[in-house]
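Following: one structure in structure tokens, then a few remarks.
Everything quoted here is computed from the prediction, not taken from an experiment.
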Amino acid sequence: MPETIFLKLGGSLITNKDQAHTALIAEIDAIGAQIKRFRQDFPAVRLLVGHGSGSFGHVAAKKYGTRNGVRSAEEWQGFLEVWREAHALDEILLERFTRLGLPVLSFPLSAGALTRQGQVQSWTTRPIQMALENGLLPIIFGDVAFDEALGGTILSTEEQMKHLVPVIIPTRILLAGLEEGVWQDFPACTQLIKTITTASYPQVRQHVFGSSSTDVTGGMASKVAEMMSLVVEYPQLEVSIFSGKEPEAVYKALAGESIGTVLRDH
């Protein structure tokens, strides 16, 4: 079976997370160019790209508390606002990547999934698999979802990837953000943790804190916890957390270079 990689572009990387509705077009274009070069150099590798909502969806989500449930008329208006913002950023990525000649198409969670208490109950993922099988570049992103218990909620890109892992079976998940990786001494950020294993995670988890910007899905701590749970369940999986801001970092990570912090079984 061909190798498959999941690449997540953090909201902090592609938007100004402290200024509402602000996409960083130059960064998006630079990342798109690296993805294009990787696909040219490694045509047999399948790639799924996900992205966060950054200063688009997170601001509205925090205002209305959408992740915690949607019940009142005002909260349903907030649900729509989060949906609009998340999709607006996705449209920007699709448009910029299409200009580069990348065969992108989007798979919004809100159109095809149903959750209960924030856990996916049903999601037709076969179209994503078929896109990968036919050389296309599927895009997923943090999005709202209808929830049988909460009315509505939000699922992060990492949570969606977690659901897709046993279906698509990637060998690597790459999380590109602003931070160089996971810091031993956050917020001083002078000691980078190069490797976290299932054995060392209990000791290092106390040093992993949340995001300093508005992030309703939990920041770094939840990302590491989510990914470590996957590594435990799928020992063949390797996860990298790194800065996509560094020149050619996305290409290097895709090509297999060890950068940032690597999460693995041993």
Say whether, by atom type as modelled, one donor and one acceptor occur between the side chain of [X] and the main chain of [Y] under 3.5 angstrom.
| X | Y | result |
| --- | --- | --- |
| Arg172 | Ala253 | yes |
| Thr198 | Asp265 | yes |
| Lys36 | Leu100 | yes |
| Glu27 | Leu13 | no |

Take atom CD of Gln119 as the centre, draw a 6.0 Å sphere, and report whether it contains more than 12 heavy atoms from other residues, nucleotides or ligands.
-> no
Search all heavy atoms of [X] against all heavy atoms of [Y] and return the closest pair with its distance.
| X | Y | value |
| --- | --- | --- |
| Gly244 | Val250 | CA-CG2, 4.2 Å |
| Leu89 | Ala23 | CD1-CB, 4.2 Å |
| Ser229 | Lys162 | OG-NZ, 3.3 Å |
| Arg39 | Gly135 | NH2-O, 2.9 Å |
| Thr15 | Ser53 | CG2-O, 4.3 Å |

Using the side-chain hydrogen bond (donor to acceptor under 3.5 Å, both in side chains) rule, take Asp147 and Thr115 through it: C-alpha gap first, then chi angles, then the decisive distance, then the call.
-> CA-CA 5 Å; Asp147 190 285; Thr115 65; 2.6 Å; yes
When the ring planes of Tyr251 and Phe38 are compared, do they come out parallel, tilted or perpendicular, using 30° and 60° as the limits?
->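 Ring orientation of Tyr251 relative to Phe38: perpendicular.
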Could you label the plane-to-plane angle of the Phe141 and His87 rings as parallel, tilted or perpendicular, counting under 30° as parallel and over 60° as perpendicular?
->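 Perpendicular.
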Should Arg67 and Glu159 be marked as a salt bridge (Lys or Arg N to Asp or Glu O under 4.0 Å) after you check the CA-CA gap, both sets of side-chain angles, and the distance that decides it?
-> CA-CA 13 Å; Arg67 185 170 169 88; Glu159 288 168 329; 2.6 Å; yes
Thr22 side, atom OG1; Leu24 side, atom CG - distance, nearest 0.5 Å = 7.5 Å
